[in-house]
Amino acid sequence: MKKHLYIKTYGCQMNVYDSGRMADVLAPIGYAPAQAPDGADMVILNTCHIREKASEKVFSELGRLRLLREERKAEGKGDLLIAVAGCVAQAEGEEILARAPYVDIVLGPQAYHKLPEMVAQAERAAAARANGDDKAAGPGRGVLNTDFPEEAKFDFLPAPRAEGPSAFLSIQEGCDKFCTFCVVPYTRGAEYSRPVEAVVAEARGLVEAGVREITLLGQNVNAYHGVGADGAEAGLGHLCRALAKIPGLERIRYTTSHPRDVDDALIAAHRDLPQMMPFIHLPVQSGSDRILRAMNRGHTRDRYREIVAGLKGSRDDLALSSDFIVGFPGETDKDFRDTMALVDEIGFIQAYSFKYSPRPGTPASAMPNQVPEDEKDARLAELQALLQRQQIAFNQDCVGREMDVLLDRVGKLPGQLLGRSPYMQPVHVTAPADLRNTIARLRIVSAGPNSLGGELVAAADPPHSSERACA
Ligand code: 5AD
Ligand code: SF4
């Protein structure tokens with residue numbers, strides 16, 4: 001009998017990618033996607049640990065799933081397997097099983113290829129319990145795997161399926177940078193890069209299935225150092241060159257980059273390859289050298305400026321987004337002014353900004369001079385107002401320009417398609433339905449704070465044949 005799987009994904013794009021891979025790895029053992037936890041035979045919470053109260057949210061979600069399981073049983077619909085994956089699972093695996101012993105599976109991000117085995121084990125235990133055989137079911141429900149195994153999970157996972165003209169491709173995982181505020185080095189482990197050929201093969205498969213745009217993913221994507229065909233290590237610039245040779249792959253993006261790992265080869269790739277999108281997410285976190293040092297970022301504000309100048313030198317239409325943290329321990333008003341000044345000077349077309357929140361186990365959480373909450377609130381509001389002004393100014397500046405837009409969805413209004421500009425701005429346009437999943441040339445005619453409106457100039461390429469059309 002077909003079983004149904006629902007995955008709830010929190011956090012970053014790496015988790016979105018991982019959720020897809022977990023679904024892929026469970027399809028051969030009979031799990032088809034469910035649209036909601038109701039009606040699912042298994043629910044996986046793919047968790048994120050980067051911000052505050054992450055684990056509390058997971059525990060309250062688990063409580064709801066436990067009730068759902070009881071209801072299912074009362075209705076005679078059978079058991080519901082509950083799994084916790086992702087970074088909260090990695091960081092708090094034992095505690096999850098202690099506090100929520102009704103959870104069946106806890107697995108860290110490096111163990112996804114072990115999921116079928118773990119599910120089979122949990123299914124056997126559930127069946128034994130249903131037959132009243134508590135001995136065969138074992139003492140509790142939970143199976144735990146939070147190892148950082150020697151073998152790379154990617155070698156054991158099936159190739160992903162394409163679901164539309166844009167796809168994520170994970171090329172690198174983990175981080176050795178140990179910024180003092182961040183949990184990632186603890187939850188995702190040391191840096192690991194997939195070999196160039198494995199990445200190119202996955203990209204080819206995606207393009208053959210209709211993908212036109214690939215976003216390369218990694219916690220530190222430009223620290224990529226995969227083994228090339230010649231046995232030597234290759235950086236991200238080299239990898240992008242190899243990918244740009246795939247016919248039909250029209251857009252290459254990558255995220256998230258670290259300023260320290262921007263090298264000449266990556267800058268040259270932006271200069272030489274038309275497939276490289278002119279939009280880079282390059283978190284700076286703060287504009288104060290004192291705070292950057294306390295954060296262990298490994299760059300100063302001047303170095304950041306130089307890196308930005310190098311990237312902008314590769315093509316004049318290049319634009320940046322960034323991440324910021326306000327209220328890092330010890331941040332004074334002067335430090336915050338330095339951040340505001342850097343934002344003013346560089347200009348970001350989009351950004352994410354956060355109040356510092358102490359993550360247990362990270363060095364910054366034990367630092368003195370934690371900034372009061374109301375101070376953090378005031379700084380965040382001021383910074384976000386500036387970033388918002390910059391975003392709106394950029395959107396308005398786009399009016400009158402022509403842009404290639406990847407039309408990947410139908411819009412809300414009849415006859416409308418929605419897509420993404422090279423800068424990831426959502427763009428809506430009235431256009432024939434067969435232009436969906438193609439890149440069309442649009443003239444931008446209107447701008448809002450978060451999206452643009454366009455008019456069709458010309459289709460940049462012929463529409464896909466129907467068998468290549470994506471969902
Ligand atoms: N507090 C606030 N923001 C954080 N980030 C990471 N850790 C913390 C923390 N402890 C932010 C950083 C990072 C983004 C993904 O999340 O800006 O770049
Ligand atoms: Fe976290 Fe810093 Fe590594 Fe980014 S570079 S994942 S912020 S430790």
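Predicted, not measured: the structure shown is a model, and the values here were computed from it. Both ligands and their constituent atoms are indexed starting at 1 by order of listing. Throughout, residue positions are numbered sequentially from 1 according to the sequence presented.
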**Asked** Heavy atom under 4.0 Å from ligand 2: found in F178's side chain, backbone, both, or neither?
**Response** backbone
**Prompt:** Counting only heavy atoms, which portion of C175 has something under 4.0 Å from ligand 2: side chain, backbone, both, or neither?
**Reply:** side chain
**Item:** Numbered atoms and elements of ligand 1 in range of R359, under 4.0 angstrom, heavy atoms
**Value:** 10 (N)
**Asked** According to the interplanar angle, ranging from 0 to 90°, do the rings of H299 and Y304 count as parallel (below 30°), tilted (30 to 60°) or perpendicular (above 60°)?
**Response** tilted
Considering non-hydrogen atoms of the protein only, which is the closest contact for [atom], and what is the distance?
{"atom": "atom 1 (Fe) of ligand 2", "answer": "C182 SG, 2.3 Å"}
{"atom": "atom 6 (C) of ligand 1", "answer": "I50 CG1, 3.5 Å"}
{"atom": "atom 16 (O) of ligand 1", "answer": "R51 NH1, 3.1 Å"}
{"atom": "atom 10 (N) of ligand 1", "answer": "S357 O, 2.8 Å"}

**Item:** Residue of the set E382, R389, Q388, Q384 for which side chain to side chain contact (heavy atoms under 4.5 Å, CB included) holds with L386
**Value:** R389
Under a 4.0 Å N-O cut-off, is there an ion pair linking [X] with [Y]?
{"X": "E345", "Y": "R305", "result": "yes"}
{"X": "R188", "Y": "D18", "result": "yes"}
{"X": "D333", "Y": "R337", "result": "yes"}
{"X": "D335", "Y": "R290", "result": "yes"}

Given [options], which has its nearest heavy atom closest to [atom]?
{"atom": "atom 6 (S) of ligand 2", "options": "V184, D261, T180", "result": "V184"}
{"atom": "atom 2 (C) of ligand 1", "options": "H281, H49, K376, K355", "result": "K355"}
{"atom": "atom 13 (C) of ligand 1", "options": "T362, V184, D323", "result": "D323"}
{"atom": "atom 5 (S) of ligand 2", "options": "T362, T187, N296, N220", "result": "N220"}
{"atom": "atom 4 (C) of ligand 1", "options": "T180, I325, V284", "result": "I325"}

Just jot down the ligand 2 atoms closer than 4.0 angstrom to any heavy atom of [X], in number order.
{"X": "F181", "result": "7 (S)"}
{"X": "P185", "result": "8 (S)"}
{"X": "C179", "result": "2 (Fe), 5 (S), 7 (S), 8 (S)"}

**Message:** Go through it in stages, so that I can follow the logic: the residues are Y352 and H281, the test is side chain to side chain contact (heavy atoms under 4.5 Å, CB included), and I'd like the CA-CA distance, side-chain angles, deciding distance and then a yes or no.
**Reply:** CA-CA 10 Å; Y352 302 95; H281 183 60; 3.8 Å; yes
Side chain [X], main chain [Y], donor-acceptor under 3.5 Å:
{"X": "R194", "Y": "S170", "value": "yes"}
{"X": "S321", "Y": "F348", "value": "no"}
{"X": "Q172", "Y": "S193", "value": "no"}

**Request:** Report yes if Y356 has an N/O atom closer than 3.5 Å to an N/O atom of ligand 1; otherwise report no.
**Result:** no
**Item:** Sub-3.5 Å N/O-N/O distance, Q285 and ligand 1
**Value:** yes
**Request:** With heavy atoms only and a cut-off of under 4.0 Å, state how F181 meets ligand 1: side chain, backbone, both or neither.
**Result:** both
**Prompt:** CG/L239 to CD1/I171 distance, rounded to the nearest 0.5 angstrom?
**Reply:** 5.0 Å
